[in-house]
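A quick write-up on the structure given underneath.
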Amino acid sequence: MLDFRKQFQEIIEQSYIPFNIDKTATSDVWSNIYKLVLPNIPEKLFRYRRIDDKGYTIESFKSKTISLCHAGMFPDKYDSYLYIDQDKIHKDLKNALKDALRITLSHITQKSPEIRAEKATKICYYRECGYTDEQIIDKILTDDYVDFCNNIGAAIKKQESRFRNPRNSAKIACFTESVQSKYMWDRYADGYKGFALEYDLRRCIFKYNSLGMSVNLFPVIYTDLRPDVTLDEGNIHTNEYFKQIGDKNWLSFLSSIISVNQLYWYRVYLYKDRKEYEHEHEWRMIYYNLEDENDYVAIPDVGCLKAIYYGPDISQKDKQELHQIAVEKGLKEYDVDLDTGSRRYDLRVTAIK
């Protein structure tokens, strides 16, 4: 039997929501995804926090918010880095252009009123010169579209970066299933000098939905290979190109046979290198608000915060400040440290009464 994360990988990769689909069908797909996700959200998810000099982390804790950032702010520069087969996109786009030109030639032959005069004039001239239709197509591609085709690589490189900048991208908060990971305390809580927060996020999606906020919670998928998003990117490039050249008829035809999967804009943030990161057991909260172009954004914690854990090397000053806030909020408090009375490496969690 497949484990949960493998099942999630299958359903998120096999599900498809075109942009031009009606809301009812969209709802059905999301419903199927969450039928799998919701029962598997752990009762406790943890977020490791460092205490920054400007006090943003403590202020977020005090104001009952969850801070999120775009992927470009993550420490790993290859987080949310995708695989795109540029050669295939180049080939597919040329084929799409050829198909569009074949339709244009057919319209001219049939004297269709939909054909643009300047395009018809050029094609008629080539026909009078004795070119075959395929030769005309190759010549137009060479004369008119070669620069665009040759610049696909640069365009794709620019597209890749869009998931790692504040414009038109999601904001993300990262959680983990364990509060006793020495690696996580060291890497994400400032070398044991920070703290960790415990959340119960099992009902958070419904709470955010009631506020009209596009917030989702998914497990990270750990793989040995980067996700291949050539099909999605190829569809995006093809659509964008025909928008640029203003061919409404061909764009309308394309829209009827290809569409970008809406889930693409979520999947891009869910894959990480198995060898490097599988031990993190990460979950990601993904929030979309395309009007917000800041590096960071804060959203309400909708009452999901339950407890705070103090790192072994947190300063007494910081601990006291956090303790006062925790008392005001009625949160449970715990100390985390190594059990000096045992030979084990495990971190010990002790409730503060």
Side-chain angles (χ1 to χ4, degrees), residues 4 8 27 30-31 33-52 55-70 170-181 184 188-189 194-220 266 269-270 280-289 291-292 294 296-311 314 318-336 349-353:
F4 161 61
F8 175 70
S27 177
W30 279 115
S31 177
I33 292 172
Y34 270 106
K35 280 179 182 177
L36 173 65
V37 172
L38 287 175
N40 287 284
I41 297 176
E43 178 184 352
K44 298 178 180 181
L45 284 172
F46 304 93
R47 195 168 191 211
Y48 292 89
R49 311 298 287 153
R50 65 174 61 244
I51 299 174
D52 61 283
Y56 293 139
T57 309
I58 293 180
E59 180 57 34
S60 177
F61 174 53
K62 186 176 182 179
S63 61
K64 300 181 181 180
T65 60
I66 295 175
S67 63
L68 306 92
C69 65
H70 62 83
K171 302 299 190 299
I172 303 163
C174 304
F175 302 84
T176 182
E177 297 177 9
S178 174
V179 76
Q180 293 173 276
S181 166
M184 302 288 274
Y188 300 113
F195 61 100
L197 298 175
E198 175 194 318
Y199 294 87
D200 182 353
L201 298 174
R202 291 173 295 176
R203 302 290 299 173
C204 74
I205 300 307
F206 302 107
K207 294 179 180 181
Y208 286 119
N209 187 56
S210 69
L211 296 174
M213 301 178 68
S214 178
V215 178
N216 289 276
L217 181 70
F218 296 127
V220 165
Y266 295 90
Y269 299 110
L270 294 176
E280 291 190 353
H281 303 289
E282 184 181 349
W283 287 70
R284 287 189 167 178
M285 179 180 284
I286 300 176
Y287 169 54
Y288 266 105
N289 178 6
E291 295 178 0
D292 191 314
N294 296 308
Y296 294 90
V297 65
I299 63 175
D301 67 22
V302 292
C304 294
L305 179 59
K306 302 300 178 184
I308 184 169
Y309 296 74
Y310 302 110
I314 190 169
D318 290 333
K319 184 176 182 180
Q320 184 59 32
E321 183 177 1
L322 292 167
H323 166 67
Q324 290 177 353
I325 298 170
V327 170
E328 292 172 3
K329 296 182 180 302
L331 300 176
K332 294 180 180 179
E333 298 176 84
Y334 300 90
D335 281 324
V336 179
V349 174
T350 305
I352 300 175
K353 298 179 181 180

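- Between the side chains of Tyr208 and Asn216, no donor-acceptor pair of N or O atoms lies under 3.5 Å.
- With Ser178 contributing its side chain and Gln180 its backbone, the two residues share a donor-acceptor pair below 3.5 Å.
- Of the inter-residue distances, the one linking Glu177 atom CD with Met184 atom CE reads 10.0 Å to the nearest 0.5 angstrom.
- Tyr34 contributes atom OH, which lies 6.5 Å from atom CG of Leu217 (distance to the nearest 0.5 angstrom).
- Defined by atom type and a distance below 3.5 Å, a donor-acceptor pair is missing between the side-chain atoms of Asp335 and Thr350.
- Within a 6.0 Å sphere centred on NZ of Lys332, other residues, nucleotides and ligands contribute 12 heavy atoms or fewer.
- When all heavy atoms are compared, the tightest approach of Ile205 to Val215 is CD1-O, 3.5 Å.
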- Lys44 and Lys306: side chain to side chain contact (heavy atoms under 4.5 Å, CB included), yes or no, with the steps? CA-CA 9 Å; Lys44 298 178 180 181; Lys306 302 300 178 184; over 6 Å; no
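- Of the residues listed (Phe8, Trp283, Phe4), the one engaging Phe218 in a ring pair (Phe, Tyr, Trp, His ring centres under 6.0 Å) is Phe8, and it is the only one.
- Arg47 forms a cation-pi arrangement with Phe175, by the criterion of a distance under 6.0 Å to the ring centre and an angle within 45° of the ring axis.
- Atom NZ of Lys64 sits in a sparse spot, with 12 or fewer heavy atoms from other residues, nucleotides or ligands closer than 6.0 Å.
- Taken to the nearest 0.5 Å, the NZ atom of Lys329 stands 7.0 Å off from the CG atom of Asp301.
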- Task: May I have the step-by-step check of side chain to side chain contact (heavy atoms under 4.5 Å, CB included) for Val297 and Asn289, ending in yes or no?
- Result: CA-CA 10 Å; Val297 65; Asn289 178 6; 5.9 Å; no
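- One finds the CG atom of Leu331 at 5.0 Å from the CG atom of Leu305 (value rounded to the nearest 0.5 Å).
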- Task: Determine, step by step, whether Val302 and Leu211 satisfy the side chain to side chain contact (heavy atoms under 4.5 Å, CB included) criterion, reporting the C-alpha distance in whole Å, the side-chain angles of both residues, the deciding distance to 0.1 Å, and the verdict.
- Result: CA-CA 10 Å; Val302 292; Leu211 296 174; 3.9 Å; yes
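- The closest donor-acceptor contact from the side chain of Ser60 to the backbone of Thr65 lies under 3.5 Å.
- If you take OH on Tyr309 and CD1 on Ile352, they are separated by 11.0 Å, rounding to the nearest 0.5 Å.
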- Audit row: Asp52, Thr57, side chain to side chain contact (heavy atoms under 4.5 Å, CB included) steps and yes/no: CA-CA 6 Å; Asp52 61 283; Thr57 309; 2.7 Å; yes
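- No option in Arg50, Arg49, Glu280 other than Glu280 meets the side-chain hydrogen bond (donor to acceptor under 3.5 Å, both in side chains) test with Tyr188.
- What you find for Lys171 and Leu68 is that their closest heavy atoms are O-CD2, 3.5 Å.
- Within 6.0 Å of atom NZ in Lys319, more than 12 heavy atoms from other residues, nucleotides or ligands are found, so the atom counts as buried in its surroundings.
- The CD atom of Gln320 sits 8.5 Å away from the OH atom of Tyr310 when rounded to the nearest 0.5 Å.
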